[in-house]
Chemist: 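Take this structure first; my questions come after.
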Amino acid sequence: MLANRLRLRPSRKLVVVQTGAMLRFEMLIAFFGILLAGSSLGSAQTVSFVEPEAGRAPLTNAFDQAKKSIDIYLFTFLDDGITASLTKAVARGVMVRAILEPCSGDSTCPKPNKDGITGCTALLTSGIQTKWANQAFPKTHAKMIVIDGSRALVTTINIEPQSFSTRRDYGLATDDRALLADFNRVFAQDWGSDDPINSCSQLPQDRRPDGTVQSYATLIVSPDYGREVILGLIASAKVSLKIQVEQVDPQASRGIVPAMVAAVKAGVRLQLLMDSPVNQPNNQAVADAINAVGGDARFQTNYRTHAKMMVIDGQKVFLGSQNLTTTSFDQRRELGWTTIDQQTIACFQRVFDADWLGRDGQPPNGVCPPSLALVSTASYNGAALAAESIAAAFGSGLATATQGADSMTLPTAISGVTVKVKDSAGTERLAPLFFVSQGQVNFEVPAGTALGTANISIGGSSGTETIADVAPGLYAATSTGKGPAAAQVLRVGADLSQTITFAAVCNGTGCTATPIDLGAASDQVYLILYGTGIRNRSALSAVNVTVGGVGASVAYAGTQGSWPGLDQVNVLLPRSLAGSGLVDVVLTVDGIVANRVQIAVK
């Protein structure tokens, strides 16, 4: 009799039996805070752009948003528009530090040349703390900027007017923590302990670093080991290589050309797009060598190529200051990075393919739409979502306010924010919204969304996600997809009396599982799990739960009944678990395993 009630009635009904009144909406908000509050995905957010179409805006906007600091590596600094933006930052109290190459246009230079003096004068006049580049290197060619220590601009751009008018360049902004840590190490080393210069006639100082090769988590640093990493990227290609670069040396020993030839001979489709031999004479010999073995090398015609970019197998992008030359690899201070951000890959490939044909292929305003990271709010797994499940989209600039829905009848717009879901059948629907903020939007995948790949967009940001029948996830009390279960415990006595408690308790220091007492042999103790992406299961028999490795009887698996998108699973705890302590709860729906959560059993 009780089993039938548990199959048919979700937790809200069971609570009614015990208390005589529905659990208040405000209490549900407190218990399932993830539905109406922000959390953290922990992954980097990336916005990409291309020049000359984007103009100065990606740089000046970043400078305008700086609150504390701006650190810049500069090969050249000859642009009045960028100068004005940095001057404004200094005026509002931002500390700006610049490492400037004193001899950007010359192969050798015993003292600062004309371009170096011009850039230095502009920097000092603007109140920017300036140092000449580390003379341990013949040239400092790096082109990276960090804002407030928390946002990096990785670019191929020199700060001069041609970069925003006639040259093909690429850039991206990211908050990747490993990259930022690496940049800060390199910048601190090259900044050194000497005082900033106070006159552009001062000679550069030799801030020679440790002579041993240093390792970095993600940053590709030359001359430390940039050559080996880039050769490794080329060797890793299995299907395709798109390389767009200003200049390539016809190197033999440990060379780039032999690596590209080897890739072609291994069956990789190589497309090499370089600047004209009129500007870079070595490029002709390189093109001849690549074309002779069946590769495809061309010279860009719609812009001068200043890019240093490659796409490997359509799955990874390299971007940096390194040309594919001996000086870039073995002598100059250069910085590069790789990303697997899908929106960046798609954007840069689209631009490359247009440049390959000599056509215009820029995104609107030169800025690639920022990508959305899409996950279940329960599991934080982004492999797939199910129709009517509760999802979170992480990005940047998604909303101008932080606001949640104020009832269980969800709106499709909050503070002007909407989520559009266009499914594989081409049908676009507005998603019901739980919560919006600058970096996160929680929504319900609309009912009726077709299986397959869906495009999900919020303003100018978008992402793609697989829609599946089920995408099971269980809520944790920590709102992170792991740790103690956000669950209830229902004890049914021999006289059918019922008591219900929470399976975890949270305070200012975290959440812990509350030990569950299985009680007398005549008691039945049910664990009531909450999740999402479960309701479309093929059959109740296709839902399996183990607790501490022991199979448990599933009495109900379906909608929770009060919250949109919220599912629940009622599980009879085996008495053999007594004394188990902290154990894992593993849910499997139609063969798909959800994230693990924990309970404690006395």
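Heavy-atom basis, side chains included; hydrogens, waters and symmetry copies ignored. For the single chain, residues carry numbers from 1 onward in sequence order.
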Chemist: Look only at the side chain of Asp313 and the backbone of Lys238, and say whether a donor-acceptor pair between them is shorter than 3.5 Å.
Modeler: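 Such a contact is found between Asp313 side chain and Lys238 backbone.
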Chemist: Quick one: do Arg333 and Asp224 satisfy salt bridge (charged side-chain N to carboxylate O under 4.0 Å, His left out)? Show the steps, please.
Modeler: CA-CA 9 Å; Arg333 170 62 89 210; Asp224 291 32; 3.7 Å; yes
Chemist: Donor-acceptor check, side chain of His306 to backbone of Thr156, threshold 3.5 angstrom: yes or no?
Modeler: yes
Chemist: Can you list the residues that meet the side-chain contact (heavy atoms from CB on, under 4.5 Å) rule with Asp115, with sequence neighbours excluded?
Modeler: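 Listed in chain order: Leu78, Ser104, Asn113.
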Chemist: Is there a donor-acceptor pair closer than 3.5 Å between any side-chain N or O of Asn365 and the backbone N or O of Val367?
Modeler: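 Flag not set: sc Asn365 to bb Val367 has no pair under 3.5 Å.
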Chemist: One thing to verify: whether Arg168 and Glu53 come together as a salt bridge, which I'm taking to mean a side-chain N less than 4.0 angstrom from a carboxylate O.
Modeler: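 Between Arg168 and Glu53 there is a salt bridge, with a charged N closer than 4.0 Å to a carboxylate O.
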Chemist: Going through the distances and angles, do Val50 and Phe348 end up as a side chain to side chain contact (heavy atoms under 4.5 Å, CB included)?
Modeler: CA-CA 8 Å; Val50 295; Phe348 286 4; 4.1 Å; yes
Chemist: Short question: side chain of Lys131, backbone of Asp194 - any donor-acceptor pair under 3.5 Å?
Modeler: yes
Chemist: Just by distance, with hydrogens left out, do Lys143 and Asn158 show a side-chain donor and acceptor under 3.5 Å apart?
Modeler: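 A donor-acceptor contact under 3.5 Å links the two side chains.
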Chemist: Any donor-acceptor pair under 3.5 Å linking the side chain of Gln129 with the backbone of Gly127?
Modeler: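 Pair absent, no side-chain N/O of Gln129 close to backbone of Gly127.
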Chemist: When you measure from the side chain of Asp148 to the backbone of Ala66, do you find a donor-acceptor pair of N or O atoms at a distance under 3.5 Å?
Modeler: no
Chemist: I'd like to check the side-chain contact (heavy atoms from CB on, under 4.5 Å) partners of Ala259; sequence neighbours left out, ordered by chain and number.
Modeler: Leu231, Ile234
Chemist: Is the backbone of Ser199 close enough, under 3.5 Å, to the side chain of Gln202 for a donor and an acceptor to pair up by distance?
Modeler: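 Pair found, side chain donor or acceptor close to backbone of Ser199.
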Chemist: State whether the side chain of Ser328 and the backbone N or O of Asn323 hold a donor-acceptor pair below 3.5 Å, judged by distance alone.
Modeler: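 Such a contact is found between Ser328 side chain and Asn323 backbone.
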Chemist: Closer than 3.5 angstrom, by distance alone: can the side chain of Arg97 be matched with the main-chain N or O of Ile72 as a donor-acceptor pair?
Modeler: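 The answer is no, because no donor-acceptor pair under 3.5 Å joins these two groups.
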Chemist: Can you name the side-chain contact (heavy atoms from CB on, under 4.5 Å) partners of Asn279, sequence neighbours left out?
Modeler: Asp275, Ser276, Arg304
Chemist: Counting distance only, does the side-chain N/O of Asp182 pair as donor-acceptor with the main-chain N or O of Tyr216 below 3.5 Å?
Modeler: no
Chemist: Under the criterion salt bridge (Lys or Arg N to Asp or Glu O under 4.0 Å), which of Glu51, Glu160, Glu246 is the partner of Arg167?
Modeler: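 Result for salt bridge (Lys or Arg N to Asp or Glu O under 4.0 Å) with Arg167: Glu160.
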